[in-house]
Amino acid sequence: MTPSTVLRIERVTQRFGGVVAVRDVNLALDRGTITGLIGPNGAGKTTLFNTVSGFFRPTEGTIRFEDQDVTGAAPHVLARLGLVRTFQGARVFPKLTVEEGLRAAAHLPTGGGSKRQPVIRHVMQELGLERYRHEPAGSLPSGVMRVLGIAMAIQTGATMLLLDEPAAGLSAEELANLQRIIRDVHRAGVSVWVIEHNLHFLMGLVSRAIVLDAGAVIADGAPADVTRDPCVVEAYLGSEAHAVA
Ligand SMILES: Nc1ncnc2c1ncn2[C@@H]1O[C@H](COP(=O)(O)OP(=O)(O)OP(=O)(O)O)[C@@H](O)[C@H]1O
Ligand SMILES: [Mg+2]
């Protein structure tokens with residue numbers, strides 16, 4: 001493994017009965033980069049994230065994170081090593097307030113002050129969560145709940161974040177805030193891997209885009225090259241290619 005590789009996926013296949021959701025995927029992601037993962041519905045993007053983040057053991061292949069073999073390691077073990085993912089739908093602690101949820105994610109006691117408190121306040125302000133800080137997470141509008149899920153992932157102190165469709169259902173203002181916060185965590189040294197169908201949002205953010213179709217990688221490179229690749233246009237972009245280019 002070269003020193004700059006943070007995550008290495010080798011010959012990973014994930015089968016569900018007769019369905020091959022991920023097919024012999026080989027990828028190496030560089031530390032400190034923002035990478036995109038795109039492709040049509042059902043391409044296997046979420047399954048690949050589930051496999052990498054320990055929610056499924058791969059049927060075949062190995063996963064190395066920070067030069068350790070983590071194949072089949074449980075999600076909480078990976079989180080402790082610094083690899084944290086968010087979910088396609090929002091997943092929060094519904095009964096905790098926004099602030100309590102963020103403290104829990106940061107492993108802080110729910111009452112009293114701490115050194116991390118200013119950081120939590122900053123994240124709440126940056127993501128527009130401040131005005132909801134005393135609201136139970138379960139009662140938030142869905143876009144806000146999604147932002148809270150991302151804020152919680154950031155609060156864990158992860159060194160690599162896997163974000164599954166973070167932009168879905170967000171307002172223009174929330175999208176701009178989210179782009180800014182992803183750039184901020186990236187600048188702080190965190191490696192980010194993002195699944196997204198909103199290509200305007202994604203392509204302004206990533207230095208590399210990987211395209212999955214039917215479980216296999218069909219393109220991988222600079223966003224401008226990938227969006228012009230005829231295979232990608234045919235499998236995924238169609239007429240959308242004009243809007244992205
Ligand atoms: N737990 C599971 N059991 C059985 N089949 C599954 C499971 N999870 C995913 N699949 C199947 O694997 C394939 C890939 O699904 P996946 O959710 O990974 O796609 P995706 O690229 O994330 O799609 P989308 O863009 O719609 O979120 C689909 O055929 C899906 O039905
Ligand atoms: Mg998905």
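Small disclaimer: the values here were computed from a predicted structure and weren't measured. In each ligand, atom 1 is the first atom listed, and ligand 1 is the first ligand listed.
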Checklist entry - Are V20 and F49 in one and the same hydrophobic cluster, where Ile, Leu, Val, Met, Phe, Trp and Tyr link if side-chain heavy atoms are under 4.5 Å apart? => result no
Item to check | Close-contact set for ligand 1 against E165 heavy atoms, below 4.0 Å | outcome: 25 (O), 27 (O)
Next on the checklist: Tell me whether F93 at atom CZ has more than 12 heavy atoms from other residues, nucleotides or ligands lying less than 6.0 Å away.
Outcome noted: no
Checklist outcome for this item: Ranked by distance from atom 29 (O) of ligand 1, the top protein heavy atom is V19 CG1, 4.1 Å
Checklist outcome for this item: Ranked by distance from atom 15 (O) of ligand 1, the top protein heavy atom is T47 OG1, 3.8 Å
Checklist outcome for this item: Sorted by chain and number, protein N/O/S atoms nearer to the Mg ion (ligand 2) than 2.8 Å are T46 OG1, Q88 OE1
Checklist entry - Counting distance only, does the side-chain N/O of T71 pair as donor-acceptor with the main-chain N or O of I63 below 3.5 Å? => result yes
Item to check | Validation row, ring centre F87 to ring centre F55 under 6.0 Å | outcome: yes
Next on the checklist: Counting non-hydrogen protein atoms only, what is the nearest one to atom 12 (O) of ligand 1? Give residue, atom name and distance.
Outcome noted: A21 CB, 3.3 Å
Checklist entry - Does an N or O from A43, backbone or side chain, lie closer than 3.5 Å to an N or O of ligand 1? => result yes
Next on the checklist: Out of all atoms in ligand 1, which are within 4.0 Å of some heavy atom of P40? Include the element for each.
Outcome noted: 21 (O)
Next on the checklist: Side chain or backbone, does G42 bring an N or O within less than 3.5 Å of an N or O on ligand 1?
Outcome noted: yes
Checklist entry - Judged by non-hydrogen atoms, does H197 sit under 4.0 Å from ligand 1? => result yes
Checklist entry - Parallel under 30°, tilted from 30 to 60°, perpendicular over 60°: which one fits the rings of F16 and F56? => result perpendicular
Item to check | For atom 27 (O) of ligand 1, the protein heavy atom that lies nearest, with its residue and separation | outcome: Q88 NE2, 2.8 Å
Next on the checklist: Would you say CD of E130 has more than 12 non-hydrogen atoms from neighbouring residues, nucleotides or ligands within 6.0 angstrom?
Outcome noted: yes
Next on the checklist: As a test of understanding, state which of L148, V98, V147 forms a side-chain contact (heavy atoms from CB on, under 4.5 Å) with Y132.
Outcome noted: V98
Checklist entry - Which residue holds the protein heavy atom closest to atom 21 (O) of ligand 1, what is that atom called, and what is the gap in Å? => result K45 NZ, 2.7 Å
Checklist outcome for this item: Only residue of T46, N50, L37, V194 satisfying side-chain contact (heavy atoms from CB on, under 4.5 Å) with D164 is T46
Checklist entry - Which heavy atom of the protein is the closest neighbour of atom 17 (O) of ligand 1, given with residue, atom name and distance? => result T46 CB, 3.9 Å
Item to check | G39 near ligand 1 by a heavy-atom separation under 4.0 Å | outcome: no
Item to check | Pairs touching residues 151-178 that satisfy ring pair (Phe, Tyr, Trp, His ring centres under 6.0 Å), sequence neighbours left out | outcome: none
Checklist outcome for this item: To atom 8 (N) of ligand 1, the nearest of F55, F49, F56, F16 on a heavy-atom basis is F16
Checklist entry - Is it true that atom CZ of R180 has more than 12 heavy atoms of other residues, nucleotides or ligands lying nearer than 6.0 Å? => result yes
Item to check | Element-labelled atoms of ligand 1 that are located less than 4.0 Å from some non-hydrogen atom of N41 | outcome: 23 (O), 24 (P), 25 (O), 26 (O)
Next on the checklist: Tell me whether R131 at atom CZ has more than 12 heavy atoms from other residues, nucleotides or ligands lying less than 6.0 Å away.
Outcome noted: no
Checklist entry - Pick from R15, Q14, R23, E10: which one makes a side-chain contact (heavy atoms from CB on, under 4.5 Å) with E60? => result R15
Checklist entry - Is any side-chain N of the basic residue among E66 and R31 closer than 4.0 Å to the acidic one's carboxylate O? => result yes
